[in-house]
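Written out below as C-alpha coordinates is the structure these notes cover.
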Amino acid sequence: MAEILITEALTRRFGDVMALDALDLTVSEGEVFGLLGRNGAGKTTLIKMLTTLLPPTSGRATVGGFDIVTAPARVRGIIGYVPQALSADGELTGRENLQIFTRLYDIPRALRKQRVDEGLAFMGLTDAADKLVGAYSGGMIRRLEIAQSMLHRPRVLFLDEPTVGLDPVAREAVWEHIKQLQTRYGTTIVLTSHYMDEVEQLCDRVAILRRGRMAAVGTLAELAAGSGVSGNNLDHMFAFYTEDTIESSGGYVETANARHAAQRLG
Amino acid sequence: MPPNASAEPPPEDQQRGRAAAVLRYGSKVLAVADMEVRKLRHDPSELLTRAIQPMLWLLVFGEVFARVRAIPTGDLSYLDFLAPGILAQSVLFVAIFYGISVIWERDLGILHKFLVSPTPRTALVLGKALSAGVRALSQAIIVYVLALVLGVRMNWHPGPLCGVVLLVILGAALFSTFSLIIACIVKTRERFMGIGQVLTMPLFFASNAIYPTDIMPDWLKWIAHANPLTYEVDGLRALMLDGGGSSLGLGLDFAVLTLTLAVLVAWAGKMYPRIVV
(Lines give C-alpha, C1' and ligand atoms only; values in the text may rest on other atoms or scores of the structure.)
Protein backbone atom coordinates (compact mmCIF):
# COMPACT_ATOMS: atom_id res chain seq x y z
CA MET A 1 0.00 0.00 0.00
CA ALA A 2 1.16 3.52 -0.79
CA GLU A 3 2.40 5.66 2.05
CA ILE A 4 0.35 8.82 2.36
CA LEU A 5 1.92 10.28 5.46
CA ILE A 6 5.58 10.17 6.36
CA THR A 7 7.48 11.85 9.18
CA GLU A 8 11.25 11.75 9.45
CA ALA A 9 12.88 12.72 12.75
CA LEU A 10 10.04 15.18 13.28
CA THR A 11 10.82 17.27 16.34
CA ARG A 12 9.11 20.07 18.22
CA ARG A 13 10.48 21.84 21.24
CA PHE A 14 8.69 24.43 23.37
CA GLY A 15 11.47 26.25 25.20
CA ASP A 16 13.12 23.54 27.27
CA VAL A 17 10.29 21.09 26.83
CA MET A 18 10.73 18.44 24.17
CA ALA A 19 7.15 17.89 22.99
CA LEU A 20 8.04 15.57 20.13
CA ASP A 21 11.45 13.97 19.84
CA ALA A 22 12.65 12.80 16.39
CA LEU A 23 9.53 10.89 15.46
CA ASP A 24 9.58 8.52 12.48
CA LEU A 25 6.16 7.44 11.36
CA THR A 26 4.44 6.23 8.19
CA VAL A 27 0.74 5.86 7.54
CA SER A 28 -0.57 3.96 4.51
CA GLU A 29 -3.31 5.15 2.24
CA GLY A 30 -6.78 4.10 3.36
CA GLU A 31 -5.92 2.96 6.87
CA VAL A 32 -7.35 4.18 10.14
CA PHE A 33 -4.36 5.00 12.28
CA GLY A 34 -4.56 5.64 16.01
CA LEU A 35 -2.22 7.80 18.07
CA LEU A 36 -2.25 6.87 21.72
CA GLY A 37 -0.51 8.20 24.74
CA ARG A 38 -1.09 9.93 28.02
CA ASN A 39 -1.63 13.67 28.33
CA GLY A 40 1.51 15.48 27.25
CA ALA A 41 2.83 12.54 25.24
CA GLY A 42 2.93 14.68 22.09
CA LYS A 43 -0.21 13.56 20.24
CA THR A 44 -1.74 16.98 19.81
CA THR A 45 1.62 18.55 18.97
CA LEU A 46 2.07 15.97 16.23
CA ILE A 47 -1.41 16.60 14.81
CA LYS A 48 -0.87 20.36 14.90
CA MET A 49 2.33 20.00 12.90
CA LEU A 50 0.80 17.62 10.36
CA THR A 51 -2.11 20.02 9.85
CA THR A 52 0.33 22.93 9.30
CA LEU A 53 -0.78 24.83 12.41
CA LEU A 54 2.60 24.49 14.08
CA PRO A 55 6.00 24.56 12.37
CA PRO A 56 8.40 21.80 13.42
CA THR A 57 11.65 22.65 15.20
CA SER A 58 13.49 20.15 13.00
CA GLY A 59 12.91 17.07 10.89
CA ARG A 60 10.41 16.83 8.09
CA ALA A 61 7.01 15.42 7.20
CA THR A 62 4.95 14.98 4.06
CA VAL A 63 1.22 14.48 3.66
CA GLY A 64 0.08 13.15 0.28
CA GLY A 65 3.58 13.87 -0.98
CA PHE A 66 3.50 17.55 0.02
CA ASP A 67 5.97 18.89 2.54
CA ILE A 68 4.30 20.51 5.56
CA VAL A 69 6.91 23.28 5.71
CA THR A 70 7.58 24.07 2.05
CA ALA A 71 4.08 23.42 0.64
CA PRO A 72 1.63 24.04 3.50
CA ALA A 73 -1.07 25.39 1.17
CA ARG A 74 -1.04 22.15 -0.85
CA VAL A 75 -1.24 20.10 2.35
CA ARG A 76 -4.23 22.15 3.54
CA GLY A 77 -6.06 21.40 0.30
CA ILE A 78 -6.00 17.63 0.84
CA ILE A 79 -6.56 17.27 4.58
CA GLY A 80 -9.53 17.60 6.88
CA TYR A 81 -9.23 18.37 10.57
CA VAL A 82 -11.57 18.09 13.52
CA PRO A 83 -10.00 19.66 16.60
CA GLN A 84 -10.48 18.32 20.10
CA ALA A 85 -12.80 21.06 21.36
CA LEU A 86 -16.33 21.10 20.00
CA SER A 87 -15.75 23.93 17.64
CA ALA A 88 -18.66 24.30 15.22
CA ASP A 89 -19.90 27.87 15.44
CA GLY A 90 -22.85 27.93 17.85
CA GLU A 91 -24.15 31.24 16.52
CA LEU A 92 -24.74 29.75 13.07
CA THR A 93 -27.02 26.96 11.88
CA GLY A 94 -25.62 23.56 10.96
CA ARG A 95 -26.16 24.29 7.29
CA GLU A 96 -24.40 27.66 7.51
CA ASN A 97 -21.45 26.02 9.25
CA LEU A 98 -21.06 23.76 6.23
CA GLN A 99 -21.78 26.42 3.62
CA ILE A 100 -18.92 28.64 4.66
CA PHE A 101 -16.43 25.80 4.38
CA THR A 102 -17.58 24.87 0.86
CA ARG A 103 -16.48 28.37 -0.08
CA LEU A 104 -13.19 28.28 1.82
CA TYR A 105 -12.33 24.93 0.21
CA ASP A 106 -12.89 26.16 -3.36
CA ILE A 107 -15.71 23.72 -4.04
CA PRO A 108 -17.29 24.80 -7.36
CA ARG A 109 -20.50 26.76 -6.94
CA ALA A 110 -22.56 24.14 -8.79
CA LEU A 111 -21.47 21.41 -6.36
CA ARG A 112 -21.84 23.30 -3.09
CA LYS A 113 -25.48 22.68 -2.30
CA GLN A 114 -25.23 19.01 -3.15
CA ARG A 115 -22.14 18.56 -0.96
CA VAL A 116 -23.80 20.31 1.98
CA ASP A 117 -27.00 18.26 1.67
CA GLU A 118 -25.03 15.05 1.29
CA GLY A 119 -22.87 15.84 4.32
CA LEU A 120 -25.91 16.61 6.45
CA ALA A 121 -27.72 13.45 5.35
CA PHE A 122 -24.64 11.26 5.78
CA MET A 123 -24.18 12.43 9.35
CA GLY A 124 -27.90 12.17 10.13
CA LEU A 125 -28.40 15.89 10.62
CA THR A 126 -30.87 16.77 7.87
CA ASP A 127 -33.70 17.49 10.31
CA ALA A 128 -31.55 19.75 12.47
CA ALA A 129 -29.84 21.49 9.55
CA ASP A 130 -31.49 24.87 10.05
CA LYS A 131 -31.31 25.02 13.82
CA LEU A 132 -28.59 27.04 15.52
CA VAL A 133 -25.69 24.79 16.49
CA GLY A 134 -25.86 26.25 19.99
CA ALA A 135 -28.93 24.04 20.47
CA TYR A 136 -27.22 20.82 19.27
CA SER A 137 -26.15 17.99 21.54
CA GLY A 138 -22.45 17.15 21.83
CA GLY A 139 -22.74 14.13 19.55
CA MET A 140 -24.56 16.16 16.91
CA ILE A 141 -21.91 18.89 17.00
CA ARG A 142 -19.19 16.31 16.58
CA ARG A 143 -20.98 14.74 13.61
CA LEU A 144 -21.50 18.17 12.07
CA GLU A 145 -17.80 18.86 12.42
CA ILE A 146 -16.89 15.63 10.72
CA ALA A 147 -19.27 16.54 7.88
CA GLN A 148 -17.61 19.96 7.76
CA SER A 149 -14.15 18.46 7.47
CA MET A 150 -15.21 16.06 4.68
CA LEU A 151 -16.86 18.57 2.31
CA HIS A 152 -13.83 18.76 0.02
CA ARG A 153 -13.24 14.97 0.15
CA PRO A 154 -9.85 15.16 1.85
CA ARG A 155 -7.37 12.34 1.36
CA VAL A 156 -6.38 12.41 5.03
CA LEU A 157 -8.70 13.24 7.90
CA PHE A 158 -7.27 14.15 11.31
CA LEU A 159 -9.52 13.62 14.31
CA ASP A 160 -8.21 14.86 17.65
CA GLU A 161 -9.96 12.85 20.37
CA PRO A 162 -13.19 12.51 18.39
CA THR A 163 -15.36 11.25 21.23
CA VAL A 164 -13.92 13.00 24.27
CA GLY A 165 -16.72 13.95 26.66
CA LEU A 166 -19.51 12.24 24.69
CA ASP A 167 -22.00 9.90 26.32
CA PRO A 168 -21.84 6.20 25.33
CA VAL A 169 -24.72 6.38 22.85
CA ALA A 170 -23.29 9.42 21.11
CA ARG A 171 -19.87 7.76 20.99
CA GLU A 172 -21.27 4.69 19.26
CA ALA A 173 -22.97 6.92 16.70
CA VAL A 174 -19.79 8.85 15.99
CA TRP A 175 -17.82 5.60 15.64
CA GLU A 176 -20.40 4.25 13.24
CA HIS A 177 -20.11 7.34 11.09
CA ILE A 178 -16.32 7.27 11.06
CA LYS A 179 -16.37 3.66 9.89
CA GLN A 180 -18.84 4.45 7.13
CA LEU A 181 -16.74 7.39 6.05
CA GLN A 182 -13.75 5.17 5.65
CA THR A 183 -15.60 2.52 3.62
CA ARG A 184 -17.48 5.01 1.46
CA TYR A 185 -14.75 7.51 0.62
CA GLY A 186 -11.60 5.50 1.31
CA THR A 187 -10.31 8.36 3.44
CA THR A 188 -7.15 7.78 5.43
CA ILE A 189 -7.97 8.63 9.03
CA VAL A 190 -5.50 9.61 11.73
CA LEU A 191 -7.06 9.92 15.16
CA THR A 192 -5.80 10.48 18.67
CA SER A 193 -7.47 8.85 21.61
CA HIS A 194 -7.23 8.00 25.27
CA TYR A 195 -9.78 5.25 25.02
CA MET A 196 -8.69 1.70 24.27
CA ASP A 197 -12.20 0.63 23.28
CA GLU A 198 -12.29 3.40 20.69
CA VAL A 199 -9.00 2.32 19.22
CA GLU A 200 -10.11 -1.28 19.16
CA GLN A 201 -13.32 -0.32 17.36
CA LEU A 202 -11.75 1.87 14.71
CA CYS A 203 -8.04 1.50 14.17
CA ASP A 204 -6.12 -0.76 11.81
CA ARG A 205 -2.80 0.23 13.36
CA VAL A 206 -1.75 2.32 16.33
CA ALA A 207 1.31 4.15 17.53
CA ILE A 208 1.82 4.69 21.24
CA LEU A 209 3.67 7.84 22.17
CA ARG A 210 5.46 8.32 25.43
CA ARG A 211 6.98 11.67 26.35
CA GLY A 212 7.40 12.69 22.75
CA ARG A 213 8.87 9.40 21.57
CA MET A 214 7.50 6.34 19.86
CA ALA A 215 6.97 3.63 22.45
CA ALA A 216 5.42 1.10 20.07
CA VAL A 217 3.72 0.85 16.70
CA GLY A 218 1.71 -1.91 15.01
CA THR A 219 -1.68 -3.61 15.05
CA LEU A 220 -3.29 -4.07 18.44
CA ALA A 221 -2.55 -7.81 18.24
CA GLU A 222 1.11 -7.12 17.57
CA LEU A 223 1.33 -4.69 20.44
CA ALA A 224 -0.44 -7.06 22.80
CA ALA A 225 2.01 -9.82 21.84
CA GLY A 226 4.96 -7.48 22.38
CA SER A 227 3.78 -6.44 25.80
CA GLY A 228 3.32 -9.99 27.00
CA VAL A 229 -0.07 -9.04 28.43
CA SER A 230 -2.29 -12.02 28.02
CA GLY A 231 -5.82 -12.02 26.66
CA ASN A 232 -7.53 -8.84 25.66
CA ASN A 233 -6.83 -6.51 28.52
CA LEU A 234 -5.89 -3.53 26.41
CA ASP A 235 -5.72 -1.15 29.33
CA HIS A 236 -2.94 -3.19 30.84
CA MET A 237 -1.18 -3.20 27.51
CA PHE A 238 -1.51 0.58 27.32
CA ALA A 239 -0.08 0.88 30.81
CA PHE A 240 2.82 -1.38 29.86
CA TYR A 241 3.89 0.90 27.01
CA THR A 242 3.22 4.21 28.68
CA GLU A 243 4.40 3.37 32.18
CA ASP A 244 6.20 6.37 33.52
CA THR A 245 7.81 6.49 36.90
CA ILE A 246 7.74 10.28 36.84
CA GLU A 247 4.31 11.85 37.06
CA SER A 248 4.31 13.79 33.81
CA SER A 249 0.72 13.68 32.73
CA GLY A 250 -1.88 16.40 32.70
CA GLY A 251 -0.32 19.42 31.08
CA TYR A 252 -2.37 22.36 32.22
CA VAL A 253 -3.55 23.31 28.77
CA GLU A 254 -4.61 19.82 27.75
CA THR A 255 -6.50 19.29 30.96
CA ALA A 256 -8.16 22.66 30.59
CA ASN A 257 -9.15 21.83 27.01
CA ALA A 258 -10.64 18.49 27.97
CA ARG A 259 -12.59 20.13 30.79
CA HIS A 260 -13.73 22.85 28.48
CA ALA A 261 -15.03 20.35 25.94
CA ALA A 262 -16.82 18.49 28.73
CA GLN A 263 -18.33 21.73 29.96
CA ARG A 264 -19.74 22.66 26.59
CA LEU A 265 -21.53 19.34 26.57
CA GLY A 266 -23.26 20.33 29.79
CA MET B 1 17.04 25.47 -26.55
CA PRO B 2 13.41 24.80 -27.53
CA PRO B 3 10.83 26.36 -25.22
CA ASN B 4 9.30 23.93 -22.79
CA ALA B 5 5.57 24.21 -23.37
CA SER B 6 4.46 22.17 -20.38
CA ALA B 7 6.53 24.13 -17.86
CA GLU B 8 5.64 27.57 -19.19
CA PRO B 9 1.93 28.03 -20.04
CA PRO B 10 1.08 30.67 -22.69
CA PRO B 11 0.61 34.19 -21.33
CA GLU B 12 -3.20 34.15 -21.83
CA ASP B 13 -3.50 31.08 -19.64
CA GLN B 14 -1.28 32.62 -17.00
CA GLN B 15 -3.43 35.70 -17.00
CA ARG B 16 -6.60 33.68 -16.73
CA GLY B 17 -5.06 31.69 -13.89
CA ARG B 18 -4.21 34.88 -12.08
CA ALA B 19 -7.70 36.29 -12.60
CA ALA B 20 -9.20 33.06 -11.22
CA ALA B 21 -6.92 33.26 -8.19
CA VAL B 22 -8.04 36.82 -7.50
CA LEU B 23 -11.68 35.76 -7.82
CA ARG B 24 -11.16 32.86 -5.42
CA TYR B 25 -9.45 35.20 -2.98
CA GLY B 26 -12.33 37.67 -3.15
CA SER B 27 -14.88 34.90 -2.76
CA LYS B 28 -13.18 33.71 0.44
CA VAL B 29 -13.03 37.22 1.87
CA LEU B 30 -16.76 37.53 1.24
CA ALA B 31 -17.44 34.07 2.73
CA VAL B 32 -15.82 35.07 6.02
CA ALA B 33 -17.61 38.42 6.07
CA ASP B 34 -20.92 36.81 5.13
CA MET B 35 -20.67 34.41 8.05
CA GLU B 36 -20.14 37.27 10.49
CA VAL B 37 -23.11 39.14 9.08
CA ARG B 38 -25.30 36.05 9.40
CA LYS B 39 -24.37 35.76 13.08
CA LEU B 40 -25.43 39.35 13.52
CA ARG B 41 -28.74 38.60 11.83
CA HIS B 42 -29.37 35.64 14.15
CA ASP B 43 -28.82 37.89 17.16
CA PRO B 44 -28.97 41.63 16.43
CA SER B 45 -29.35 42.70 20.08
CA GLU B 46 -25.71 43.78 20.16
CA LEU B 47 -26.39 46.52 17.65
CA LEU B 48 -29.02 48.10 19.87
CA THR B 49 -26.88 48.17 23.01
CA ARG B 50 -24.15 49.75 20.95
CA ALA B 51 -26.48 52.62 20.06
CA ILE B 52 -26.45 53.92 23.63
CA GLN B 53 -22.95 55.34 23.65
CA PRO B 54 -23.22 57.64 20.61
CA MET B 55 -26.60 58.73 21.92
CA LEU B 56 -25.07 59.85 25.21
CA TRP B 57 -22.22 61.66 23.52
CA LEU B 58 -24.46 63.59 21.16
CA LEU B 59 -27.35 64.24 23.54
CA VAL B 60 -25.46 64.99 26.73
CA PHE B 61 -21.91 65.97 25.86
CA GLY B 62 -22.91 67.62 22.59
CA GLU B 63 -25.81 69.65 23.95
CA VAL B 64 -23.84 70.87 26.95
CA PHE B 65 -20.74 71.90 25.01
CA ALA B 66 -22.90 73.56 22.37
CA ARG B 67 -24.20 75.84 25.14
CA VAL B 68 -20.81 76.62 26.63
CA ARG B 69 -19.42 77.64 23.24
CA ALA B 70 -15.95 76.79 24.59
CA ILE B 71 -14.66 75.13 21.45
CA PRO B 72 -14.04 77.19 18.31
CA THR B 73 -15.52 75.32 15.36
CA GLY B 74 -15.56 78.01 12.69
CA ASP B 75 -18.72 78.20 10.59
CA LEU B 76 -20.14 74.99 12.03
CA SER B 77 -22.27 74.78 15.14
CA TYR B 78 -20.72 72.56 17.80
CA LEU B 79 -23.30 69.82 17.27
CA ASP B 80 -22.60 69.84 13.53
CA PHE B 81 -18.90 69.65 14.28
CA LEU B 82 -19.40 66.85 16.79
CA ALA B 83 -21.65 64.52 14.78
CA PRO B 84 -18.93 63.19 12.40
CA GLY B 85 -16.58 62.86 15.37
CA ILE B 86 -19.11 60.69 17.19
CA LEU B 87 -19.65 58.55 14.11
CA ALA B 88 -15.88 58.05 13.90
CA GLN B 89 -15.87 57.20 17.60
CA SER B 90 -18.57 54.57 17.09
CA VAL B 91 -16.56 53.11 14.24
CA LEU B 92 -13.50 52.97 16.50
CA PHE B 93 -15.38 51.38 19.41
CA VAL B 94 -17.06 48.74 17.23
CA ALA B 95 -13.73 47.78 15.70
CA ILE B 96 -11.21 48.07 18.51
CA PHE B 97 -12.50 45.10 20.51
CA TYR B 98 -12.80 42.90 17.44
CA GLY B 99 -9.68 41.00 18.36
CA ILE B 100 -11.40 39.52 21.37
CA SER B 101 -13.71 37.51 19.12
CA VAL B 102 -10.64 35.99 17.52
CA ILE B 103 -9.27 34.98 20.92
CA TRP B 104 -12.67 33.50 21.70
CA GLU B 105 -12.67 31.56 18.43
CA ARG B 106 -9.18 30.33 19.20
CA ASP B 107 -10.27 29.08 22.62
CA LEU B 108 -13.18 27.21 21.04
CA GLY B 109 -11.07 25.75 18.23
CA ILE B 110 -13.09 27.47 15.49
CA LEU B 111 -10.03 29.37 14.35
CA HIS B 112 -7.99 26.18 13.95
CA LYS B 113 -10.36 24.97 11.28
CA PHE B 114 -10.08 28.19 9.33
CA LEU B 115 -6.31 28.09 9.49
CA VAL B 116 -6.23 24.47 8.33
CA SER B 117 -8.29 25.36 5.24
CA PRO B 118 -6.49 26.49 2.08
CA THR B 119 -7.48 30.11 2.67
CA PRO B 120 -4.80 32.79 2.45
CA ARG B 121 -4.29 34.32 5.91
CA THR B 122 -4.82 37.82 4.60
CA ALA B 123 -8.20 36.73 3.17
CA LEU B 124 -9.26 35.62 6.65
CA VAL B 125 -8.11 38.97 8.03
CA LEU B 126 -9.82 41.01 5.31
CA GLY B 127 -13.05 39.04 5.74
CA LYS B 128 -13.11 39.92 9.43
CA ALA B 129 -12.24 43.53 8.60
CA LEU B 130 -15.09 43.76 6.13
CA SER B 131 -17.57 42.38 8.64
CA ALA B 132 -16.41 45.02 11.13
CA GLY B 133 -17.25 47.50 8.38
CA VAL B 134 -20.78 46.15 8.14
CA ARG B 135 -21.23 46.43 11.90
CA ALA B 136 -19.94 49.98 11.76
CA LEU B 137 -22.45 50.85 9.03
CA SER B 138 -25.26 49.94 11.40
CA GLN B 139 -23.75 52.51 13.77
CA ALA B 140 -23.69 55.05 10.99
CA ILE B 141 -27.43 54.64 10.54
CA ILE B 142 -27.98 55.25 14.23
CA VAL B 143 -25.79 58.36 14.24
CA TYR B 144 -27.55 59.68 11.14
CA VAL B 145 -30.95 59.25 12.78
CA LEU B 146 -29.76 60.99 15.95
CA ALA B 147 -28.19 63.80 13.96
CA LEU B 148 -31.39 64.29 12.05
CA VAL B 149 -33.41 64.50 15.25
CA LEU B 150 -30.97 66.99 16.75
CA GLY B 151 -31.11 69.19 13.67
CA VAL B 152 -27.58 68.70 12.44
CA ARG B 153 -27.30 70.00 8.88
CA MET B 154 -26.53 66.85 6.93
CA ASN B 155 -25.47 66.42 3.34
CA TRP B 156 -27.90 64.02 1.68
CA HIS B 157 -26.44 63.97 -1.81
CA PRO B 158 -25.73 60.44 -3.06
CA GLY B 159 -22.08 61.08 -3.92
CA PRO B 160 -20.99 62.23 -0.46
CA LEU B 161 -23.22 59.55 1.13
CA CYS B 162 -21.33 56.86 -0.77
CA GLY B 163 -18.13 58.49 0.42
CA VAL B 164 -19.32 58.22 4.02
CA VAL B 165 -20.13 54.52 3.53
CA LEU B 166 -16.64 53.93 2.15
CA LEU B 167 -14.97 55.86 4.94
CA VAL B 168 -16.91 54.01 7.62
CA ILE B 169 -15.98 50.61 6.16
CA LEU B 170 -12.37 51.68 5.68
CA GLY B 171 -12.07 53.00 9.23
CA ALA B 172 -13.68 49.95 10.82
CA ALA B 173 -11.53 47.63 8.73
CA LEU B 174 -8.42 49.49 9.82
CA PHE B 175 -9.11 49.52 13.54
CA SER B 176 -10.42 45.94 13.62
CA THR B 177 -7.27 44.71 11.89
CA PHE B 178 -5.19 46.68 14.39
CA SER B 179 -7.19 44.99 17.13
CA LEU B 180 -6.57 41.59 15.58
CA ILE B 181 -2.82 42.16 15.62
CA ILE B 182 -2.97 43.03 19.30
CA ALA B 183 -4.99 39.87 19.96
CA CYS B 184 -2.30 37.81 18.22
CA ILE B 185 0.35 39.40 20.43
CA VAL B 186 -1.34 39.23 23.84
CA LYS B 187 -3.26 35.97 23.18
CA THR B 188 -5.55 35.99 26.24
CA ARG B 189 -8.87 37.72 26.80
CA GLU B 190 -7.87 39.28 30.11
CA ARG B 191 -4.74 40.92 28.75
CA PHE B 192 -6.61 42.02 25.66
CA MET B 193 -9.34 43.76 27.67
CA GLY B 194 -6.69 45.65 29.60
CA ILE B 195 -4.86 46.82 26.50
CA GLY B 196 -8.06 47.62 24.63
CA GLN B 197 -9.09 50.01 27.40
CA VAL B 198 -5.67 51.63 27.44
CA LEU B 199 -5.67 52.21 23.68
CA THR B 200 -9.19 53.42 23.03
CA MET B 201 -9.19 56.62 25.02
CA PRO B 202 -5.84 57.99 23.76
CA LEU B 203 -6.86 57.23 20.17
CA PHE B 204 -10.10 59.11 20.74
CA PHE B 205 -8.80 62.12 22.67
CA ALA B 206 -5.64 62.53 20.59
CA SER B 207 -7.75 63.16 17.52
CA ASN B 208 -9.96 65.86 16.07
CA ALA B 209 -13.16 64.01 17.02
CA ILE B 210 -14.48 66.40 19.67
CA TYR B 211 -12.24 69.46 19.20
CA PRO B 212 -10.18 70.77 16.29
CA THR B 213 -6.45 70.04 16.27
CA ASP B 214 -5.80 73.83 16.04
CA ILE B 215 -6.46 74.30 19.72
CA MET B 216 -4.09 71.49 20.75
CA PRO B 217 -0.59 72.07 22.16
CA ASP B 218 2.09 71.24 19.59
CA TRP B 219 3.10 67.88 20.99
CA LEU B 220 -0.49 66.66 20.93
CA LYS B 221 -0.99 68.03 17.44
CA TRP B 222 1.87 65.83 16.28
CA ILE B 223 0.29 62.76 17.82
CA ALA B 224 -3.10 63.65 16.39
CA HIS B 225 -1.64 63.84 12.90
CA ALA B 226 -0.11 60.39 13.28
CA ASN B 227 -3.48 59.03 14.45
CA PRO B 228 -5.57 57.42 11.67
CA LEU B 229 -8.75 58.43 13.51
CA THR B 230 -7.97 62.07 12.73
CA TYR B 231 -8.12 61.32 8.99
CA GLU B 232 -11.32 59.33 9.44
CA VAL B 233 -12.96 62.25 11.26
CA ASP B 234 -11.65 64.81 8.79
CA GLY B 235 -13.06 62.86 5.84
CA LEU B 236 -16.40 62.34 7.55
CA ARG B 237 -16.64 66.02 8.46
CA ALA B 238 -16.20 66.93 4.80
CA LEU B 239 -18.71 64.42 3.47
CA MET B 240 -21.40 64.16 6.16
CA LEU B 241 -22.21 67.81 6.69
CA ASP B 242 -23.95 70.33 4.55
CA GLY B 243 -21.25 73.01 4.30
CA GLY B 244 -18.63 70.83 5.93
CA GLY B 245 -15.06 70.93 4.72
CA SER B 246 -11.86 68.98 5.08
CA SER B 247 -8.91 70.66 6.72
CA LEU B 248 -6.39 68.00 5.63
CA GLY B 249 -7.72 67.21 2.15
CA LEU B 250 -10.07 64.36 1.25
CA GLY B 251 -7.49 62.73 -0.98
CA LEU B 252 -4.99 62.61 1.85
CA ASP B 253 -7.64 61.21 4.22
CA PHE B 254 -8.46 58.31 1.90
CA ALA B 255 -4.80 57.72 1.03
CA VAL B 256 -3.66 57.55 4.66
CA LEU B 257 -6.50 55.22 5.67
CA THR B 258 -6.08 52.90 2.68
CA LEU B 259 -2.32 52.63 3.02
CA THR B 260 -2.48 52.06 6.77
CA LEU B 261 -5.08 49.35 6.22
CA ALA B 262 -2.93 47.63 3.59
CA VAL B 263 0.09 47.59 5.88
CA LEU B 264 -1.96 46.33 8.83
CA VAL B 265 -3.60 43.54 6.78
CA ALA B 266 -0.22 42.31 5.55
CA TRP B 267 1.11 42.38 9.11
CA ALA B 268 -1.96 40.67 10.55
CA GLY B 269 -1.69 37.94 7.89
CA LYS B 270 1.76 37.15 9.25
CA MET B 271 0.64 37.29 12.89
CA TYR B 272 -2.63 35.37 12.54
CA PRO B 273 -1.28 31.80 12.59
CA ARG B 274 0.72 32.54 15.75
CA ILE B 275 -2.38 32.86 17.87
CA VAL B 276 -2.94 29.08 17.84
CA VAL B 277 0.65 28.14 18.71
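Since the model is a prediction, treat every value here as computed from it, not as a measurement. Residue numbers start from 1 in every chain, and the chains themselves are labelled A, B, ... in the order their sequence lines are given, proteins ahead of strands. These numbers come from the heavy atoms of this one structure, side chains and all, not from hydrogens, waters or symmetry mates.
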Side chain / backbone / both / neither for F158(A) at chain B, heavy atoms under 4.5 Å: neither
Plane angle bin for F122(A) and H177(A) - parallel if under 30°, tilted between 30 and 60°, otherwise perpendicular: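 Perpendicular, since the angle between the ring planes exceeds 60°.
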Contact leader toward chain B among L53(A), L132(A), T51(A), where contacts are heavy-atom pairs under 4.5 Å: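 Heavy-atom pair counts peak at L53(A).
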Interface residue of largest heavy-atom contact number with chain B, from P154(A), S149(A), P83(A), under 4.5 Å: P83(A)
R38(B) CZ: over 12 foreign heavy atoms closer than 6.0 Å: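 Counting neighbours around CZ of R38(B), more than 12 heavy atoms of other residues, nucleotides or ligands fall under 6.0 Å, so yes.
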Residue that, paired with I169(B), satisfies side chain to side chain contact (heavy atoms under 4.5 Å, CB included) out of L167(B), V165(B), L166(B):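 The option that passes is V165(B).
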Chain A contact via L30(B) - side chain, backbone, both or neither, heavy atoms under 4.5 Å: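 For L30(B), heavy atoms of backbone and side chain both lie under 4.5 Å from chain A.
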Portion of R121(B) that has a non-hydrogen atom of chain A nearer than 4.5 angstrom: side chain
Cation-aromatic face contact R12(A)/F14(A), 6.0 Å, 45 degrees: yes
Cationic tip of R171(A) above Y195(A) ring, under 6.0 Å, 45° of axis: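 Here R171(A) passes the 6.0 Å and 45° test against Y195(A).
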Pick from M35(B), H112(B), K113(B) with the largest number of heavy-atom pairs that fall under 4.5 Å of chain A: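 Of the candidates given, the most pairs with chain A belong to K113(B).
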